[in-house]
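Here the structure is laid out as structure tokens; the discussion comes afterwards.
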Protein chains: 2
Amino acid sequence: MATTETQTKIGEITPSEWELMRIVWTKQTIYSRELIELLQQKREWSESTIKTLLRRLVKKGLLTTEKEDRRFKYTALVSEADAMNETTQQLFDHLCAMKQGATLYHLIDHLTLSQADIKQLQQLLATKLTTAPAQVACDCLPDECHCD
Amino acid sequence: MATTETQTKIGEITPSEWELMRIVWTKQTIYSRELIELLQQKREWSESTIKTLLRRLVKKGLLTTEKEDRRFKYTALVSEADAMNETTQQLFDHLCAMKQGATLYHLIDHLTLSQADIKQLQQLLATKLTTAPAQVACDCLPDECHCD
DNA sequence: ATTTATCAATTACATTTGTAAACGGAGGCG
DNA sequence: CGCCTCCGTTTACAAATGTAATTGATAAAT
């Protein structure tokens, strides 16, 4: 809930922007040149396009630039984890509370997780189980709800 | 991956459209009038706006209409589950494979799950554990990757 | 000093999205 | 038989997004 003062507009990262951000996050800090080269190994975007995206990300408050020498060094202002967490939760908010479990199931089923990851999740689930409600109510519509 | 012939553009559902879809899914089938009334209890959208969204959803192949009497009855062409699953996976594709476990952890931590949900997830995890790799490699960049 | 190579900034433009008013056809009412 | 009402269709328009060329500033090379 980040104290409302969400200066940085996470959750408004567009698909293209995610691609840039991913590289920036991975490299921690990067020059446009470097970024452009890396991105062009994946995408058919022109240099110009990538620069535009970079500037938009700066305007959105997701990146900062620091002039070093004569080129700019870009750094993320939000962490990859924060961005992902916020986006994921936002996505799940679209879904009936009742159906979140099933979606999660499907998601997990299709992801590759390490043994360590799985163990941590198991731990978490075990803990949650102790306080979990027997039923999660549907929150689709005010009154009637035909959720199975 | 759904035989490429993705006629129906899931994954291109906009936030506003999700709101309509959620109601349609819940009601299975619905008249615009009904939908408009339900939506207006939540959003400040004009009738016109909602109608526009409805038509766009039809064009996108997410809804169909069937004329009954003189008004139209709208029905979803994709299931809520499919839409969510596809969207969720798409979102996770934005993320380094190595960090998916952590994101999942955070997500689960913040969701309310029923006891039954949790048990199913536990079952799934137990199964997955038997074939899980010790490590999941980072897939951020071609060569070097500074994922911690 | 000129030319050239680099960058970033400005400008551009089609498409999508958010939002909505205006138009047009068909029953229902008087 | 006209008029009103409902509903879907057309049209509208600003903002965001995808994509990119052009311009301008500056440093490097000759």
Side-chain angles (χ1 to χ4, degrees), chain A residues 6 8-24 29-75 83 87 90-91 94, chain B residues 6 8-24 29-75 83 87 90-91 94:
Chain A
T6 311
T8 41
K9 306 275 186 169
I10 304 178
E12 294 178 23
I13 303 179
T14 72
S16 318
E17 290 171 350
W18 271 103
E19 306 213 40
L20 295 232
M21 289 306 288
R22 174 141 175 207
I23 295 185
V24 176
T29 190
I30 193 171
Y31 291 106
S32 54
R33 177 102 322 260
E34 210 180 346
L35 178 62
I36 289 168
E37 259 150 38
L38 285 171
L39 250 185
Q40 288 187 328
Q41 286 173 33
K42 284 276 156 197
R43 308 248 140 250
E44 285 292 328
W45 294 336
S46 79
E47 202 168 309
S48 212
T49 300
I50 299 175
K51 282 181 188 163
T52 301
L53 290 173
L54 270 177
R55 244 169 330 89
R56 286 183 185 165
L57 282 167
V58 171
K59 187 170 2 168
K60 283 190 185 180
L62 291 168
L63 294 180
T64 3
T65 30
E66 206 183 328
K67 188 174 300 210
E68 186 189 286
D69 229 345
R70 55 219 84 278
R71 48 259 175 81
F72 280 94
K73 209 172 42 176
Y74 292 83
T75 315
T87 308
Q90 205 173 272
L91 177 58
H94 286 141
Chain B
T6 311
T8 40
K9 305 276 188 168
I10 303 179
E12 295 178 23
I13 304 178
T14 72
S16 317
E17 289 171 350
W18 272 104
E19 306 213 40
L20 296 232
M21 289 305 289
R22 175 142 175 206
I23 295 185
V24 177
T29 191
I30 193 172
Y31 291 106
S32 54
R33 178 100 322 260
E34 210 180 345
L35 178 62
I36 288 168
E37 259 150 38
L38 284 171
L39 250 185
Q40 287 187 328
Q41 287 173 33
K42 285 275 156 198
R43 308 250 140 249
E44 285 292 329
W45 294 337
S46 79
E47 201 167 310
S48 212
T49 300
I50 299 175
K51 283 179 188 165
T52 301
L53 290 173
L54 270 177
R55 244 172 327 91
R56 286 183 185 165
L57 283 167
V58 172
K59 186 169 3 165
K60 284 191 185 180
L62 292 168
L63 293 180
T64 4
T65 32
E66 207 183 329
K67 189 173 301 209
E68 186 190 285
D69 228 345
R70 56 217 82 280
R71 48 257 176 80
F72 279 92
K73 208 172 42 176
Y74 292 83
T75 317
T87 308
Q90 205 173 273
L91 177 57
H94 286 142

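To find a chain, count down the sequence lines: A is the first, B the second, and so on, and within it residues start at 1.
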Pair A:R43-A:E19, salt bridge (charged side-chain N to carboxylate O under 4.0 Å, His left out): steps then yes or no: CA-CA 9 Å; A:R43 308 248 140 250; A:E19 306 213 40; 2.6 Å; yes
Output yes when at least one side-chain N/O atom of [X] is less than 4.0 Å from OP1 or OP2 of [N], else no.
X: A:T14; N: D:dT17; value: no
X: A:K60; N: D:dT17; value: yes
X: B:S32; N: D:dC7; value: no
X: B:R33; N: D:dC7; value: yes
X: B:T65; N: D:dG8; value: no

Report yes if the side chains of [X] and [Y] come closer than 4.5 Å at any heavy-atom pair, otherwise no.
X: B:K51; Y: B:I36; answer: yes
X: A:K60; Y: A:T14; answer: yes
X: B:L53; Y: B:W45; answer: yes
X: B:S32; Y: B:Y74; answer: yes

Rounded to whole Å, how long is the line connecting atom [atom1] of [X] with atom [atom2] of [N]?
X: A:L63; N: C:dA8; atom1: CG; atom2: P; answer: 13 Å
X: B:R71; N: D:dT5; atom1: CZ; atom2: C1'; answer: 14 Å
X: A:L54; N: C:dC7; atom1: CG; atom2: P; answer: 13 Å
X: B:I50; N: D:dC6; atom1: CD1; atom2: C1'; answer: 15 Å
X: B:R70; N: D:dG8; atom1: CZ; atom2: C1'; answer: 13 Å
X: B:Y74; N: D:dC7; atom1: OH; atom2: P; answer: 11 Å
X: B:E19; N: C:dT17; atom1: CD; atom2: P; answer: 15 Å
X: A:K59; N: D:dT17; atom1: NZ; atom2: P; answer: 11 Å

Atom pair NE2 (B:H94) and OG1 (A:T87), whose distance is rounded to the nearest 0.5 Å: 9.0 Å
Side chain of [X] - closest among [options]:
X: A:T49; options: D:dA20, D:dG8, D:dT10; value: D:dA20
X: A:S16; options: C:dT17, D:dA21, D:dG18; value: D:dG18
X: A:R56; options: D:dT17, D:dG8, C:dA8; value: D:dT17
X: B:S48; options: C:dA22, C:dT19, D:dC7; value: C:dA22
X: B:T52; options: D:dA21, C:dA20, C:dC7; value: C:dA20
X: A:L53; options: D:dA21, D:dT19, D:dC7; value: D:dT19
X: B:R55; options: D:dT9, C:dA9, C:dT17; value: D:dT9
X: B:P15; options: C:dG18, D:dT19, D:dG8; value: C:dG18

